[in-house]
S.K.: 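Following this message is one structure expressed as C-alpha cells.
A note on names: the letters A, B, ... follow the listed sequences, proteins ahead of strands, and every chain is numbered from 1.
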Protein chains: 2
Amino acid sequence: MASRTIENYLKQLWLEQQDTRGKYVPMGKLAALVGVTAGTATTMVKAIADSGLAKYAPRAGVRLTRAGEQLALHVLRRHRLLELFLVEILGIDWSDAHAEAEELEHVISETVLARIDLLLGHPSVDPHGDPIPSSAGKLEAPKLCSLAELHTGNTTIIARIVDQSSEFLRFAQSSGLVPKAQVVIEHTNPQAGAISARPDGKEPVMLSMVAAAKFLVRPCAATRGKRRNK
Amino acid sequence: MASRTIENYLKQLWLEQQDTRGKYVPMGKLAALVGVTAGTATTMVKAIADSGLAKYAPRAGVRLTRAGEQLALHVLRRHRLLELFLVEILGIDWSDAHAEAEELEHVISETVLARIDLLLGHPSVDPHGDPIPSSAGKLEAPKLCSLAELHTGNTTIIARIVDQSSEFLRFAQSSGLVPKAQVVIEHTNPQAGAISARPDGKEPVMLSMVAAAKFLVRPCAATRGKRRNK
DNA sequence: TTTTATATTTTGAGTAATCAAAGTATTATT
DNA sequence: AATAATACTTTGATTACTCAAAATATAAAA
Ligand SMILES: [Mn+2]
Ligand SMILES: [Mn+2]
Ligand SMILES: [Mn+2]
Ligand SMILES: [Mn+2]
C-alpha cells in the first residue's frame with residue numbers, strides 16, 4: 001500500500017513526535033531525518049496528509065493521525081524484529097543491523113515476518129533495547145531513567161541505548177556498555193559534566209552527560225537527596 | 001549500481017538465453033517474462049545496452065554481454081540462496097519461496113548474503129534443485145535428463161524441478177515428487193503421451209509428457225534401445 | 001517599528017519506469 | 001507479387017520522487 005518512501009517518512013515522523021503531546025514536527029527537522037531537501041519534504045507531507053495519514057499545518061509542521069501512527073508502528077515492528085533477527089540469527093554486528101534493517105523493513109512479507117517473530121520467540125525488545133510493537137500495533141513503553149541521572153555508588157543494568165549511529169554503538173560495545181550489562185557509577189562530577197561508569201568485569205568508562213543520557217537503565221535507583229517514601 | 005528493475009531484466013534475460021548459443025531473446029518474450037508491455041521492454045533494453053550490459057539488435061532481440069551475464073549471475077545467486085534460506089531456516093513453504101526471494105534479492109547486502117551462505121553451509125543447489133552460482137559468478141550446470149526420457153521399470157532420483165509456479169510446486173510436493181525423492185517408472189504410454197511414476201513410499205502419479213519433462217533426474221538411466229557402451 | 005535572519009513553500013525542471021496507441025518493419029498467406 | 005497478420009518500435013503522456021533556486025511568511029534583532 002504505502003511506498004517505501006512514505007514508510008520512511010511515517011517512521012521518522014513517529015519517532016520524532018514521541019513524547020510531544022500535540023506538538024507538530026517542523027518540516028526542516030523531518031527533511032533532515034529522511035535525508036531530503038525541505039521542499040521535497042513539504043511536497044511529500046502534503047501528499048501524505050491528503051491520504052489521511054497525517055495532519056499538515058503550513059509553516060507549523062506535521063503530525064501523524066491515528067491511521068498514520070498505526071502504519072508507522074507496523075514499519076517499526078518490521079524494523080526492530082529484523083534488527084534482532086540479523087544480530088541473533090545471522091550474527092550481523094549490532095552496529096550494522098540498523099542500516100541493514102532500514103532496507104529490509106520495506107520488502108519483508110507478513111508471512112516471513114511471522115516466521116522471524118516465531119523463531120525469535122516473540123521478543124519484546126530489539127538489540128538496542130528498543131521495544132518492539134506488537135502485530136496489533138501496540139507498544140508498551142516502560143519509563144526508564146538514564147545513566148546521567150544516577151549517583152556515585154549506584155548499581156544498575158543497561159536496558160536501552162538511544163543512539164542508532166554505528167560509531168556510537170561500536171564505542172558502546174567496546175566499552176561493555178550493552179543492554180543487560182550491569183554497571184556501577186564510580187564517580188560523578190556535575191561541574192565537569194562527566195561521570196565514570198564501570199561495566200561488570202570491565203574497565204571504567206568516562207562519559208559526558210550527553211553520552212551518559214543515551215544509556216537508559218533499570219532499575220532506576222532512588223535519587224540521593226529526595227526519596228519518595230521516607 | 002543496477003536498479004531493481006534492471007536486475008530483473010538481466011536475470012530473466014540470463015534464464016532465457018541459456019542453452020541458446022548466440023541466439024537473441026525476442027522483445028515480446030522478455031516483456032512477458034518481466035511483466036511489462038513490449039514498448040517498455042524496448043526502451044529499457046536500449047538503456048541496458050547503452051550501459052554495456054547487453055547487445056540489442058532492433059527487430060531481432062537482445063543478448064547479455066559478458067558483463068551483463070556476470071551481474072545476472074550475482075542476482076541469481078542472491079535469489080537462490082535466499083530461497084534456500086527461506087525454506088531451510090525460516091520454514092517458508094517452498095512454493096512461496098520463489099515469490100518472496102523475488103523481492104528480497106534486490107535489497108540484501110553482501111554482508112548479510114555471506115552470513116546466509118555460511119549458515120547454510122555453502123550450498124550448491126536451491127530448494128528446487130537449481131544450482132547456485134558461486135560468489136565469483138561461476139555456475140556448474142550438470143546435464144540431467146528428465147522423467148519423460150525414462151522407461152518402464154527404471155528407478156531414479158529427482159534432482160531438479162524446472163517450473164517455479166507455486167501451483168505446480170504444490171502439486172509436486174503433495175505427490176511426493178520433490179528433489180532427492182526416489183521414484184520408479186511404473187508405466188509409460190507414448191501413444192497417450194503420459195507416464196505413471198511412483199515416489200518411494202507414495203502412491204503412483206500420472207504425468208503428461210509435458211509435466212514429466214519438468215522433473216530432472218539423476219542418475220540418467222541408460223535408454224532402453226541404444227546403449228553407448230555395448 | 002522597521003530591518004534582518006531563518007524557516008518554509010512554490011516553481012520549474014529532471015530521472016526512472018511505465019502504458020496506450022499509433023506507426024513501421026518483417027514474416028506468412030493468399 | 002500483393003495482401004494480411006504479427007512483432008516490434010516510436011510517440012506522447014503519466015506517476016512517483018527528487019533538487020535548485022526563487023518567493024514568501026514568520027520570528028528575531030536593531
Ligand atoms: Mn527504511
Ligand atoms: Mn533498534
Ligand atoms: Mn526480483
Ligand atoms: Mn529456485
Side-chain angles (χ1 to χ4, degrees), chain A residues 1-13 16-17 20 22-64 67-68 71-72 75 102-107, chain B residues 1-14 16-17 20 22-64 68 71-72 75 102-107:
Chain A
M1 215 49 310
S3 70
R4 112 185 24 208
T5 302
I6 287 179
E7 285 189 345
N8 280 331
Y9 278 81
L10 295 178
K11 198 184 63 176
Q12 294 303 336
L13 225 28
E16 193 59 26
Q17 77 176 33
T20 66
K23 227 178 83 184
Y24 281 69
V25 176
M27 292 318 243
K29 191 72 212 270
L30 176 60
L33 288 168
V34 176
V36 295
T37 63
T40 302
T42 301
T43 312
M44 283 307 296
V45 159
K46 284 203 273 193
I48 290 169
D50 284 347
S51 69
L53 298 170
K55 178 133 189 279
Y56 167 57
R59 310 250 164 207
V62 57
R63 210 180 153 82
L64 293 176
L71 230 165
V75 181
E102 200 58 53
E103 286 299 310
L104 287 166
E105 66 189 355
H106 310 293
V107 298
Chain B
M1 218 39 323
S3 71
R4 111 185 23 207
T5 302
I6 287 179
E7 285 189 346
N8 280 332
Y9 278 79
L10 295 178
K11 199 183 63 174
Q12 294 303 337
L13 227 27
W14 189 92
E16 193 57 26
Q17 77 177 34
T20 66
K23 226 177 83 184
Y24 281 68
V25 176
M27 293 319 244
K29 191 73 212 267
L30 175 61
L33 289 168
V34 175
V36 294
T37 62
T40 302
T42 301
T43 313
M44 284 306 297
V45 159
K46 284 203 272 193
I48 290 169
D50 284 348
S51 69
L53 297 170
K55 181 136 188 276
Y56 167 58
R59 309 250 165 207
V62 56
R63 210 180 154 80
L64 293 176
L71 232 164
V75 181
E102 200 59 51
E103 285 300 310
L104 287 166
E105 66 189 355
H106 309 293
V107 298

S.K.: Where is the tightest heavy-atom contact between V36(A) and A41(A), given as atom of each residue plus distance?
M.R.: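 Smallest interatomic distance, heavy atoms only, reads CG2-N, 4.1 Å.
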S.K.: Which pair of heavy atoms, one from G52(A) and one from A67(A), lies closest together, and at what distance?
M.R.: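 Looking at all heavy atoms of both residues, the closest pair is O-CB, 4.2 Å.
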S.K.: Could you grab the distance from atom OH of Y56(A) to atom CE of M44(A), nearest 0.5 Å is fine?
M.R.: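 These two atoms lie 13.5 Å from each other.
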S.K.: dA16(C) P sits how many Å from I48(B) CD1, rounded?
M.R.: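 From I48(B) CD1 to dA16(C) P: 13 Å.
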S.K.: Looking at CG of L30(A) and CD1 of I48(A), how far apart are the two atoms once the value is rounded to the nearest 0.5 Å?
M.R.: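 Separation between the atoms: 7.5 Å.
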S.K.: Quick check for you: to the nearest 0.5 Å, what is the distance between N8(B) atom CG and L13(B) atom CG?
M.R.: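 Between atom CG of N8(B) and atom CG of L13(B) there are 11.5 Å.
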S.K.: Could I get a table of every N or O pair under 3.5 Å where one atom is in the protein and the other is in nucleotides 9-11 of chain C?
M.R.:
{"residue": "dT9(C)", "atom": "OP1", "partner": "Y56(A)", "partner atom": "OH", "Å": "2.3"}
{"residue": "dT9(C)", "atom": "OP1", "partner": "R59(A)", "partner atom": "N", "Å": "2.8"}
{"residue": "dT9(C)", "atom": "OP2", "partner": "T42(A)", "partner atom": "OG1", "Å": "2.9"}
{"residue": "dT9(C)", "atom": "O5'", "partner": "Y56(A)", "partner atom": "OH", "Å": "3.3"}
{"residue": "dT9(C)", "atom": "O4'", "partner": "R59(A)", "partner atom": "NH2", "Å": "3.4"}
{"residue": "dT10(C)", "atom": "OP2", "partner": "K46(A)", "partner atom": "NZ", "Å": "2.3"}

S.K.: Got a second to check how far I6(A)'s CD1 is from H106(A)'s NE2, nearest 0.5 Å?
M.R.: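 One finds 11.5 Å between CD1 of I6(A) and NE2 of H106(A).
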S.K.: Dot-bracket for DNA chain C, please. Rules: Watson-Crick or G-U, both distances under 3.5 Å, ( ) within the strand, [ ] when a pair crosses earlier ones, | for another strand, . otherwise.
M.R.: ||||||||||||||||||||||||||||||
S.K.: Under 4.0 Å from a heavy atom of chain B: give me the 5'-most and 3'-most nucleotides of DNA chain D that qualify.
M.R.: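 Contact boundaries, 5' end first: dA7(D) to dT10(D).
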S.K.: If you take all heavy atoms of T20(B) and R63(B), which pair is closest and at what distance?
M.R.: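 Of all heavy-atom pairs spanning T20(B) and R63(B), the closest is O-NH1, 2.8 Å.
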S.K.: Can you measure from CE (M27(B)) to NZ (K46(B)) and round to the nearest 0.5 angstrom?
M.R.: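 Between atom CE of M27(B) and atom NZ of K46(B) there are 8.5 Å.
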S.K.: Can you tell me how far apart CD (E16(B)) and NZ (K29(B)) are? Round to the nearest 0.5 Å.
M.R.: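 It comes to 4.0 Å.
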S.K.: Closest approach of L64(B) and Q17(B), non-hydrogen atoms and distance?
M.R.: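 For L64(B) versus Q17(B), the nearest heavy atoms are N-OE1, 2.9 Å.
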